[in-house]
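This report concerns only the one structure given below.
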2 protein chains.
Amino acid sequence: MAAGATHRPVRTRCADCPIRHRAVCSHCESQDFEELERIKTYRTYAPGETIAWAGEHMPLVGSVVDGVAMLSSTLPDGRRQMVGLLLPSDFVGRPGRATLSFDVVAATKITLCMFNKSEFERMVGRSPHIEHRLLEMTLDELDAAREWMLLLGRKTAREKIASLFVIMARRDAELHRNVPQDGLRFPLHITREAMADYLGLTIETVSRQISALRRQGLIELGDNRMVHVPDFAKLIDQSGDDADGGVLI
Amino acid sequence: MAAGATHRPVRTRCADCPIRHRAVCSHCESQDFEELERIKTYRTYAPGETIAWAGEHMPLVGSVVDGVAMLSSTLPDGRRQMVGLLLPSDFVGRPGRATLSFDVVAATKITLCMFNKSEFERMVGRSPHIEHRLLEMTLDELDAAREWMLLLGRKTAREKIASLFVIMARRDAELHRNVPQDGLRFPLHITREAMADYLGLTIETVSRQISALRRQGLIELGDNRMVHVPDFAKLIDQSGDDADGGVLI
DNA sequence: ATATGCGTTTGATCTCGATCAAGGAAGATC
DNA sequence: GATCTTCCTTGATCGAGATCAAACGCATAT
């Protein structure tokens, strides 16, 4: 970086790095980025493959580069609940913890960008900014988990499906910054089973509700699992949430 | 502290401090404790009183000294879901965030120990250990929220009630370190409505399931809202979870 | 004593989503 | 091209929990 670079926070984005959206000084922290770059490795998993089991020792942390992974939890009799959806740029792993609390499973073909956890932690120990960023990200995840508790505990099947589509649409939009024209389009990578596990429903109910939304013209399913939402506000109406602020974020 | 105090981490507990269970060096960090002591204030709320509204600017952080508070979320049409139960020693507030995401409501008469948020944050900025501890606590809350997602999405009414009792019993036991003799005893402060909001049920279903557990001798309700669990393992059996390790933690 | 109010319990009935069952669509594999 | 296999859809039926309704226990107020 040129001499005389100002000591001012800048917001950078790096989908391949566990610490994304860094709002720290790029000048004094650039060496962190470089070190992260040096130690990173990529790994790809097939759909359905378990990336890590709950309770397992997990020597890596990282982030999703491409594809979708699920955090899920299973009761002794096999009932399963997804407790987190990991989309591109999401953090994977538990800094400062030896083991995972939940299974991590690839929902689609997925590529992760991984770092050795102890090396990452040593870096964290040297740089309080990274720990601060980790805290921010964890608070965001906690908020998302709690929003999901409202969905699981109090929403109807119809509202659950609509909410899922709203969330997927928003996540896709913030990733691609595409300007909506004749409505929104986004890919629905995950299977009916994954949706059911996420929403606390059965696949039959998921299928029926999607059919119903389709019959009412709220969504259209195209090729390659693309979903087209002609009127996003109408979909939000079905989600049970406040339509605060209208479209997208 | 005597001269020659060793530079060794000790685990201390301070129910009145937001940073509880500190596993840091008591020698070099004692000034943090002292500063926390200096700026703390107490405040008591009546049952049902709203401590803070979602979206509100919250200039304080702190922790529960005595009583129970609820974090809850409400849909536009009034359906409510509790997304967190704040028991004595739990942290309240969002360090580094301007506003709250959820309502904070006193479930019982409750006493909080509060700190000015910006003063607290200034302290956090000076001491990376505190931020580290905050991250740990937030990760714990995230795990708890995700456990609860499994309950909300996949457990039956019976299992939900049993799980709640198991959690309350464990929380009480870890607070009082009472040795179980003829089973466990703990106070059930919250109303049927609060339980229903927590479990994603109606008060009628909560009442019926509690009556059923009582008829089967799994729990007994005594005076002053005390619950007696003659055989904790049998209660865990009803919760749907693995009976891993048996009694208590 | 009676009234008022709140939390709780219990009963009767209904409904939404689960369960059981069958068939269809689109790739893979041979 | 035929046959799996996997995922998805749709129909018929069932049942757990919601809803509607009434009454009880217990406190405080009148």
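Summarising the geometry, the separation between CG on B:Asp223 and C1' on D:dG25 is reported as 14 Å, rounded to the nearest angstrom. Distance B:Asp197 CG to C:dG7 P: 12 Å, rounded to the nearest Å.
For A:Asp77, the CG atom is densely surrounded, since the number of other residues' heavy atoms within 6.0 Å is greater than 12.
Remark: A:Lys109 does not engage A:Asp66 in a salt bridge, criterion side-chain N to carboxylate O under 4.0 Å. Note on B:Arg185 versus B:Asp172: no salt bridge recorded, every NZ/NE/NH1/NH2 to OD/OE distance being 4.0 Å or above.
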Heavy-atom contacts, protein to nucleotides 5-21 of chain D, under 4.0 Å, summarised as B (base), S (sugar-phosphate only) or - (none) per nt, yield ---SBBBB----SSBB-
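Between A:Tyr198 and A:Trp148, the two ring planes are parallel [angle under 30°; tilted spans 30° to 60°].
In this structure, the side-chain contact (heavy atoms from CB on, under 4.5 Å) partners of B:Thr138, at least two apart in sequence or on a different chain, are A:Leu135, A:Thr138, A:Leu139, A:Leu142.
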